[in-house]
Amino acid sequence: MKRNIELLILVIGIFTIIFITLGCISKPEVSSNSIIEINFKQPYSYYIYTDGTNIFEKNGITGQVAIYTYFSDALNNATSNINEGSIFISNATYVPTSEVKSHTGVSFVGDHAIIDLSAYDGTFLNITGCGNYLCDNYATQFKGFKVTGNIANLNTLFLNVTDVARSVVIQDITHQYVANMIKINGATFDADISNVNGFYLTGTWINISSSSTQRATHATIHNSELSNPANDDTYNNSIGINLQSTSQDIQGVKIDSNWIENVKNCIIDNASYTTITNNHLVCYAGKNTEGDGIRIDRLHNEGAIANNFIWVGMSNSRCINISQANSIASSVISNTFKFTYSLYPNPFAEGVHGNNTITTIVGNTFHGGSVNTQATGINITPRPSGSNYLATTVIGNAFYTINSTISNSSNVIAIGNTYYSVGINNNVNESLNYDLILRNHNLTARNITLSGTPGCITMIGEDSLNYMLTIASGGTTKITAGTCS
């Protein structure tokens, strides 16, 4: 019994000593970088963080920490020591002082890190690849940053990617007062740009260009937003998305579900097989800036433009401008075009302008407005003498315009379009043989000029007896109410 008591006392004594010892050991100090310590558990090659004065760079493999004065120096050292890997940048504000150069396979992941470019007027992050699918084996990612700049610095560019042949992913980036955001050059396959949202951009938001020897293919730009202030001349030269082919053609770009507002040109498409769908495009910047919603500059463009809302607000602006002559252009389907603005009328604006193109225009709505006395719904320029036979098909569209001119050409087939006039003398020019449906509200006179003989005319409206029909082959006929059998 006595032995058991002695053993019990010994055990109690041992636990007492342990408890006292532990109580004397102080707990680790929780530093301002405690969040970073938690993130250190993630598989990153390097971790960049700051105490507000110094920049710390921690090697994710060895644990070694280096201290830098400048953020750009820390990043350049990290990228030069990575073949394939990622750099984590903690939640803080960083001020670049020089260009950061990296290569394919290095990803940059921010924890809502703020990149302050307000004192920097150049390219911040410059990524290059070998331009060959055989040697560019790794994906490159950029995500999780907030970028701020200075509106006076017109040469600022956040990210420049050149000849990175493999996948490039750019996502979850916000920005303001940065002149230019993203530029992708040369051989880049399957770039994905999403959730890039910003304000106050004076240059080009997203630029994809080919080189003389390499092309960019299969890029996707989606679910992103750019908004500038309305009627501000500061943004007279701004461009939303710019696809620029050279001798090598950009192909297969998808532009879907983006919001671009108050820029001079929303989308410039100098590429092939581009698909532009479900976008909200408000394309006017300063009070006197002429610009286009979608401008197609490539000789052969066989993509689709569908389900977009496009609003241009200045004179001589076009919702869709197919500027390249003899182009095999897009199918234009189920879009809403608005080319009216009450404060600054655009009398010569057009919904769709085609320069002698093969285009299908189906199921669109054109709003020209009562102030635009010379606004045009669709204008297809004549076929040049000796050129190939090209045709435009215009089916099932609705026109709310003073001048619902469909064609200046002899090569347009128009079927089943509806005209809701907003003026007294609404001239409608149609071409070739078709069935024509005319609808009008609150109109006392209507002049219709036809360059071909119509197959059937249906008149719908309270003033249907007052229409005058002119057929180019000769003669003027008053149309009475009637329907096709």
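For this chain, numbers begin at 1 and follow the sequence in order.
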> Checking Asn279 side chain against Thr277 main chain: does a donor-acceptor pair fall under 3.5 Å?
Replying inline: yes
> Between Asn54 and Thr50, which heavy-atom pair has the shortest distance, and what is it?
Replying inline: O-OG1, 2.7 Å
> Under 2.5 Å between the SG atoms of Cys319 and Cys283?
Replying inline: no
>> side-chain hydrogen bond (donor to acceptor under 3.5 Å, both in side chains) for Gln176 and Thr174? Distances and angles first, verdict last.
In response: CA-CA 7 Å; Gln176 61 178 359; Thr174 62; over 6 Å; no
> Just by distance, with hydrogens left out, do Asn258 and Glu225 show a side-chain donor and acceptor under 3.5 Å apart?
Replying inline: no
> Can you tell me if Asp111 uses its side chain to pair, donor with acceptor, with the backbone of Ile89 under 3.5 Å?
Replying inline: no
> Does any non-hydrogen side-chain atom of Val169 lie less than 4.5 Å from one of Thr140?
Replying inline: no
> Hey, does His367 have a side-chain heavy atom less than 4.5 Å from the side chain of Thr365?
Replying inline: yes
> Just checking, is any N or O donor in the side chain of Asn185 or Ser209 under 3.5 Å from an acceptor N or O on the other one?
Replying inline: yes
> Side chain of Asn364, backbone of Ser334: donor and acceptor closer than 3.5 Å?
Replying inline: yes
> So, for Gln244 and Asn270, which heavy atoms are closest and what is the spacing to 0.1 Å?
Replying inline: OE1-ND2, 3.8 Å
> Any donor-acceptor pair under 3.5 Å linking the side chain of Ser102 with the backbone of Ile127?
Replying inline: no
>> Rounded to the nearest 0.5 Å, what separates atom CG in Leu281 from atom CD1 in Ile294?
In response: 5.5 Å
>> Quick one: does any side-chain atom of Asn265 pair with a main-chain N or O of Ile267 as donor and acceptor, under 3.5 Å?
In response: no
> Can you tell me if Thr148 and Asp116 form a side-chain donor-acceptor pair at under 3.5 Å?
Replying inline: no
> Say you draw a straight line from CD1 of Ile208 to OG of Ser210; how long is it, rounded to the nearest 0.5 Å?
Replying inline: 11.0 Å
> Between Asn126 and Glu99, does any side-chain donor sit less than 3.5 Å from a side-chain acceptor?
Replying inline: yes
>> For a side-chain contact (heavy atoms from CB on, under 4.5 Å) check, start with the C-alpha distance between Phe71 and Ile115, then their side-chain angles and the critical distance, and finish with the verdict.
In response: CA-CA 10 Å; Phe71 174 58; Ile115 308 299; 4.0 Å; yes
> After noting the C-alpha distance and the side-chain angles of Tyr44 and Tyr46, does the key distance pass the side-chain contact (heavy atoms from CB on, under 4.5 Å) rule?
Replying inline: CA-CA 6 Å; Tyr44 298 109; Tyr46 281 91; over 6 Å; no
>> Tell me whether Asn76 contacts the main-chain N or O of Ser72 through its side chain, where contact means a donor paired with an acceptor under 3.5 Å.
In response: yes
> Counting distance only, does the side-chain N/O of Asn155 pair as donor-acceptor with the main-chain N or O of Gly122 below 3.5 Å?
Replying inline: no
>> Parallel, tilted or perpendicular, judged at 30° and 60°: which one describes the rings of Tyr200 and Tyr177?
In response: parallel
> Distance from Leu125 atom CG to Thr123 atom OG1, nearest 0.5 Å?
Replying inline: 9.5 Å
> Closest approach of Asn197 and Asn223, non-hydrogen atoms and distance?
Replying inline: OD1-O, 4.2 Å
> Can you tell me how far CD1 of Ile61 sits from CG of Asn59, rounded to the nearest 0.5 angstrom?
Replying inline: 5.5 Å
>> Angle between ring planes, Phe56 versus Tyr49, binned at 30° and 60°: parallel, tilted or perpendicular?
In response: parallel
> Passes side-chain hydrogen bond (donor to acceptor under 3.5 Å, both in side chains), Glu261 versus Asn228? Steps please.
Replying inline: CA-CA 6 Å; Glu261 189 169 69; Asn228 283 334; over 6 Å; no
> What residues form a ring-ring contact (aromatic ring centres under 6.0 Å, His included) with Tyr68, not counting sequence neighbours?
Replying inline: none
> Is a side-chain donor or acceptor of Asp121 paired with a backbone partner of Thr156 at a separation under 3.5 angstrom?
Replying inline: yes
>> Would Asp297 and Ile268 count as a side-chain contact (heavy atoms from CB on, under 4.5 Å) here? Give the steps.
In response: CA-CA 7 Å; Asp297 290 340; Ile268 298 177; 3.6 Å; yes
> By side-chain contact (heavy atoms from CB on, under 4.5 Å), which residues pair with Ala191, not counting sequence neighbours?
Replying inline: Val168, Ile184, Thr188, Ala219
> Are Val282 and Asn262 side-chain neighbours, meaning at least one heavy-atom pair lies under 4.5 Å?
Replying inline: yes
> Taking Ser245 for the side chain and Ile250 for the main chain, is one N or O donor matched with an acceptor at less than 3.5 Å?
Replying inline: yes
>> With a 4.5 Å cut-off on side-chain heavy atoms, are Val196 and Trp205 touching?
In response: yes
> Under a 4.5 Å cut-off applied to non-hydrogen side-chain atoms, are Ile55 and Tyr94 in contact?
Replying inline: yes
>> Using modelled atom types and a 3.5 Å cut-off, is there a donor and acceptor pairing between side-chain atoms of Ser224 and backbone atoms of His222?
In response: yes
> Taking C-beta and beyond as the side chain, do Asn180 and Asn207 meet within less than 4.5 Å on heavy atoms?
Replying inline: no
>> Restricting to non-hydrogen atoms, name the atom on Ser98 and the atom on Tyr120 that form the minimum distance, rounded to 0.1 Å.
In response: C-OH, 3.4 Å
>> For Val109 versus Phe145, what's the shortest heavy-atom pair and its separation?
In response: C-CZ, 4.0 Å
> Can you tell which of Leu201, Leu157, Ile206, Ile193 makes a side-chain contact (heavy atoms from CB on, under 4.5 Å) with Met181?
Replying inline: Leu201
> Looking at CD1 of Ile255 and OG1 of Thr274, how far apart are the two atoms once the value is rounded to the nearest 0.5 Å?
Replying inline: 6.5 Å
> Under the side-chain contact (heavy atoms from CB on, under 4.5 Å) criterion, do Asp292 and Val312 qualify, and how do the steps go?
Replying inline: CA-CA 7 Å; Asp292 297 319; Val312 295; 5.8 Å; no
>> To the closest 0.5 Å, what do you measure between NZ (Lys264) and OG (Ser317)?
In response: 9.5 Å
> How close do Ile310 and Gly293 get, heavy atom to heavy atom, and via which atoms?
Replying inline: CG2-CA, 3.8 Å
> Ile173 versus Lys146: any side-chain heavy-atom pair under 4.5 Å?
Replying inline: no
> Is any side-chain heavy atom of Thr217 closer than 4.5 Å to a side-chain heavy atom of Asp190?
Replying inline: no
